[in-house]
Amino acid sequence: MKRARLSSPAAAVLVGLTAVVGPGAVDAHAGSGTPLPIAHFSHLVVDARHGHLFISGGAGTDGIVVTDLDGANPTTIGGEPGATGLALSGDGSALYAALPGQDAIAAISTESLTESARYGTGADTHPDSLAVAGGTLWFGYGSAGAGGIGSLSADGTVTLRQDPGSWPAPPMLATTPTPSGALAAAAQTGTTSAFVTYRAGDGTLTRQAEKALPVPDLSDFALTADGQHLAVSSWAHPTGDRYRTSDLTADGRFAMPVAAKAVAVAPDGTLAGCGCGGDAFEAFPETGEGFYEEYAYDSPVRMAAHGLAWAPDGSRLYSVGVDASGGTPTLHIGRDPETAWVHLYGVTATPLAPGEAYAFRAGFDSPLSLDAGQTMMPGTVRITRYDDADPDGVPITDWTTTRASVADFFGAYHVTGTAPLSGPLSFRVDYSGSGRYRPVSRTFDIPVAKYAPTMEVTAPSTAGRAAPMTISGKLTWPHDHVTTGAVHVVKTDLAHPSGSSAGTVQVAADGGFTFHDTPATGAANTYAFTYDGGTSYLPAKASATVQVSRATPALTVATDAKSYHSGATVKVTAHLGTTYTSRSVTLYDQLAGGSRTQLKTGRVDAHGNLVASFKISGNTVFSAAFTGDGRYAPRTVTTGVTVAPTTRTRTQYPLTTTRVGSTTYQVFYKSEINLGYDVRVTPRQPGGCLTVYVEHYYSGAWHPTTSQSCVPWYEDDWYDYVRALKLFTGNDRYRIRGHYTPPATHARTTSAWTGWTYLIVRPGNPS
């Protein structure tokens, strides 16, 4: 439950208890209350007839504080040391104050605020708790271990031991809020408290019932207004039980548990106490369910024992709070405590779209439940609608109601209608209040605005050209919606790169829509769906792309040869078969190890050919690319050609030649020391190498005699092979040749062999 906070008595205003404008009762609160000019607190009595509050402080104080009914203009009645219990005489002319330290009871004029008499109660009696019942002032007296009940008659006679029973401590006394013969006494006896009820009359007490109740922390109790029941406060063992005074058995329950340090009963039967702990207190009816108001202190203030008192007419509820040590008492006042706050709440599907149907529900919340048999919050309700068309408001007359139920405790009022096409919408609900419920008004602003629903479309990822295809979509609203607006479709394809309208589809009641198409153009077909929103919503967009199939065109690329020498001119021919709209082809060349470059772009001739010339310098890949059109897909084809390098050889320094059969041999002499064999390859690519092979002729055949592994070139592009002539057999025949190996990657030429060079080595010197 929400808590209503206490106002400062000096301000004399209880804020927010008559108009609820938020989601709960507005808290009215003055955290410190009104400080009282007294060190401690003992008891509080309201003298409404003379406009006084009397406040005693107990041991250590020397007077009784008096304020007006707003807690203002404090004065002190001096000479009343250690006053504790307070009680007004039946006619209200006198205030009685117990003075335990003086073994006396003082009588103070409520007119002059001066002591008129003091009555001794006997040595070591220590009178404490006071109550007027049956025309007699009764007081509890004694000390720990021994106590009793005494009386003070109208003629001033003090009589002790009016109760023949024994008390383990000075008993606390309580009576009804208006004069009666009902009296109750209680004293804590450990984990329980002893209670006795009496009938008082003619200066005597007659016991009605006695019983130990499960109250281990007795601090206060009260008699109901009719004297038929006890309300017993216990924080350690809180209960809502009503104890019947005739036999002290539980007889039903109060509307709320009594769990605070104090409890008080108004003349009309309303209770003040709490089911919420010591940091707050509540006003609640004797029976039924719920409470009228809950008042909260600011920490560390907590309720003081005996710290609650009612104004006789129930218009105010007084409370005294103290700090954790029991000091710095402050006075707090709750005004109009016997009517419950009411909160109005409104429920509708928000936000509303313009023109959307709505159902507005106005309901109630209150801490006080309905009486038995009530099916609606009592009182009248007026609901007024405001919009641009009716800025001054139009009363709603056709609302319906829902009776109170478990889901809606107080009933509800229902209004249906249609949101305006523009401008705001609001409802003002005025509740008149009735009986124990306060009036309240509240305006509910209902947002009305165009907003964008979400849109999703589902399309196939691929489709056949010239084949039917379906795309489905869904618009989603967060609540019921008005079926307005249409979805417009724009299609973008190769034939319409800037997009073209594909028509409009209607939106079904559930937000769904379906679009059918038979795409005539292949490749990516993108469908953009735009919901225009109609009169009620903002636009929403979604799109889908479908890859539409295309035929594969016939495309080749060829050269006039497959191998060339460096520097030769290559004729490259691309041939394109049937297409739809495009006849353009691009030729590319890519030298081994290099990047692709464009050789020629153009429209093929009437035979479907595009021809280009290219001067070749190394192994090259030629490609022909067709970019595609609306019916034929892009395609690229390639072909490669090679370059065969040119080799040159020379020997150093043959002196002559000779012929053996048809073969010419170069003649060397061993005296020349070394044979030199040079090889050159054109073009040569860095990373290539040369291997030299030497063969010896004997036994009628050539035999390998030595070789030199693949070795790099010299910087002048020649490779020089040197072999000592003494290693050759005199007058035998030999031959020598080289093999070029290109780089392992990005080779720009093929490998190549040199021709054989034949030689004979003569012994000695030339003649």
Report yes or no: do [X] and [Y] form a side-chain donor-acceptor pair below 3.5 Å?
| X | Y | answer |
| --- | --- | --- |
| T402 | D408 | no |
| E293 | W341 | yes |
| D247 | T249 | yes |

Worksheet item: In terms of the angle between their ring planes, are H50 and H52 parallel, tilted or perpendicular, with boundaries placed at 30° and 60°?
Response: parallel
Discussion item. Apply ring-ring contact (aromatic ring centres under 6.0 Å, His included) to residues Y431 and F364 and explain how you reach the verdict.
Written reply: CA-CA 10 Å; Y431 169 60; F364 307 88; 5.4 Å; yes
Worksheet item: Is the gap between the ring centers of Y297 and H332 under 6.0 Å?
Response: yes
Practice prompt. Determine the sole option in T176, D313, T178 for which the side-chain contact (heavy atoms from CB on, under 4.5 Å) test with P267 is passed.
Written response: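 Exactly one pass, corresponding to T178.
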Salt-bridge contact [X]-[Y] (side-chain N to carboxylate O under 4.0 Å):
| X | Y | result |
| --- | --- | --- |
| D47 | R49 | no |
| D103 | R118 | no |
| D336 | R436 | no |
| D241 | R253 | yes |

Item to complete: Provide the closest heavy-atom pair for Y119 versus V158 in the form atom of the first, atom of the second, distance.
Response: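 That closest heavy-atom pairing would be CB-CG2, 4.2 Å.
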Fill in: Residue pair A236 / D217: nearest heavy atoms and the distance that separates them
N-OD2, 2.7 Å
Fill in: Spacing of CG belonging to D128 relative to OG belonging to S143, to within rounding of 0.5 Å
11.5 Å
